[in-house]
Amino acid sequence: MKSAKIKRRIKQFWLYVIKIIVAMIMFLPIIWISTGGFKTLAEFTSSSSIFPLNFTTENFTYIFRSSNILLYIKNTLLLMLGTTVGTLLSSSLVAYPLARMEFKGKNLIFTVIIATMMIPNIALIIPQYIMFGKIGWLDSLLPMIVPSFFAYPYNVFLFRQYFRSIPRELDESAMIDGCSRLQIFFKVLVPLSKPTYATIAVLSCVFWWNELTQPVFYINSDKWRTLTIALMTSYMYTSGNSFVINWPSIMAAATLMILPPMFLYFFGNKFLVGGIKTTGLKG
């Protein structure tokens, strides 16, 4: 009995050792980026050490002094909040009749919505670019915010699965009390679906905070530039006849960009895990 217990503890010990090693490997790029922001450019290009030999905070002051980073943060927050509100509202409203109502063609409509998930987003950018150009929306956040108000298939799927797990008797009780379908949605389903709303909000915020492809296509001027574009273009300077990439400043800016998603995940982890689990309760 004791030998079996000892073997189980040894197995758990080595399992923890493997987990720690894997976690260290996964966090190594983040550590390298974070410490790189505290190096000088000369040390970064000449030293292979992960940790700075000559600790400096000049790179962090440089990115605030040499670029409109506060403007880029404001634009990124506007993009993130606008798209998140849009997708929460539209996706839940689309999912509601698919989950709680009976009508002809419901399953076909849901199948078509899910089928659109197979289309790569990059394949839609060129026709969307032409369409938004004719409307006059280029060089603004509108080409990214407005489509979010027309529902994303994956989010519709998550909301539908969660709505189906809520007992229909609640709808019937609300209808007896005189509630309309829209009132049932806002007064019954929305309060009971907070885990799914939180899950999709966290996923949407992190996605749009880190998104680069669409802002690069649609934004041309510094007025609407986001943080991801700034990381790619703002921290170079001319030295003679060539451009020099200021890697320590880029890593300092990247460190600042990493912090909000990390805090968001830290505080929303409970809702994120719980919301994803509960979406599969009923097929």
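The shown structure was predicted, so the numbers you read here are calculated from the model rather than taken from an experiment.
By the neighbour-count criterion of 12 heavy atoms within 6.0 Å, atom CZ of Phe103 is densely surrounded, having more than that number from other residues, nucleotides or ligands. Counting non-hydrogen atoms of neighbouring residues, nucleotides and ligands closer than 6.0 angstrom, the CE atom of Met101 exceeds 12 such neighbours. Heavy atoms from other residues, nucleotides or ligands lying under 6.0 Å from CZ of Phe55 number more than 12. By the 6.0 Å contact criterion, CZ on Arg9 is open, its count of non-hydrogen atoms from other residues, nucleotides or ligands being 12 or less. With a 6.0 Å radius and a threshold of 12 heavy atoms from other residues, nucleotides or ligands, Met117 has its CE atom above the threshold.
Side chain of Asn75 to backbone of Arg225: a donor-acceptor contact under 3.5 angstrom is found. Side-chain N or O atoms of Ser90 include one that pairs as donor or acceptor with a backbone N or O of Ala151 at under 3.5 Å. Proximity of a side-chain donor or acceptor of Arg168 to a complementary backbone N or O of Arg100 within less than 3.5 Å is detected.
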side-chain contact (heavy atoms from CB on, under 4.5 Å) evaluation trace for Tyr152 with Ser148: CA-CA 7 Å; Tyr152 290 119; Ser148 69; 3.8 Å; yes
Tell me, with the steps shown, if Glu58 and Lys39 meet salt bridge (charged side-chain N to carboxylate O under 4.0 Å, His left out). CA-CA 9 Å; Glu58 176 61 27; Lys39 294 180 179 180; over 6 Å; no
What verdict does the side-chain contact (heavy atoms from CB on, under 4.5 Å) test give for Leu256 and Ile63, after you've listed the backbone C-alpha separation in whole Å, the side-chain angles of each residue and the deciding distance to 0.1 Å? CA-CA 10 Å; Leu256 295 178; Ile63 62 176; 3.4 Å; yes
Walk me through whether Leu170 and Leu192 qualify under side-chain contact (heavy atoms from CB on, under 4.5 Å). CA-CA 11 Å; Leu170 295 176; Leu192 293 174; 3.6 Å; yes
What do the steps show when you test Lys106 against Glu102 for salt bridge (charged side-chain N to carboxylate O under 4.0 Å, His left out), and what is the final call? CA-CA 7 Å; Lys106 181 180 76 170; Glu102 296 297 331; 3.3 Å; yes
Evaluate Asn155 against Thr87 for side-chain hydrogen bond (donor to acceptor under 3.5 Å, both in side chains), listing each step before the verdict. CA-CA 8 Å; Asn155 297 333; Thr87 193; 2.8 Å; yes
Starting from the C-alpha separation in whole Å, work towards a yes-or-no answer on side-chain contact (heavy atoms from CB on, under 4.5 Å) for Val190 and Phe185. CA-CA 6 Å; Val190 171; Phe185 173 75; 3.9 Å; yes
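Aromatic rings from Phe159 and Tyr197 are positioned such that their centres are separated by under 6.0 Å.
Between Phe217 and Tyr129, the two ring planes are perpendicular [angle over 60°; tilted spans 30° to 60°]. Note on ring orientation: taking the six-membered ring where Trp is involved, the planes of Phe132 and Trp137 are parallel (angle under 30°, cut-offs 30° and 60°).
Judged purely by distance below 3.5 Å, without hydrogens or angles, the side chains of Thr84 and Ser204 pair a donor atom with an acceptor atom. No donor-acceptor contact under 3.5 angstrom links the side chains of Ser140 and Tyr218, judged on distance only. The closest side-chain donor-acceptor pair between Ser221 and Asp139 falls under 3.5 angstrom.
Across Arg164 and Ala99, no two heavy atoms sit closer than the pair CG-CB, 3.7 Å.
For the pairing with Trp208, the side-chain contact (heavy atoms from CB on, under 4.5 Å) check across Leu79, Thr228, Thr76 returns one residue only, Leu79.
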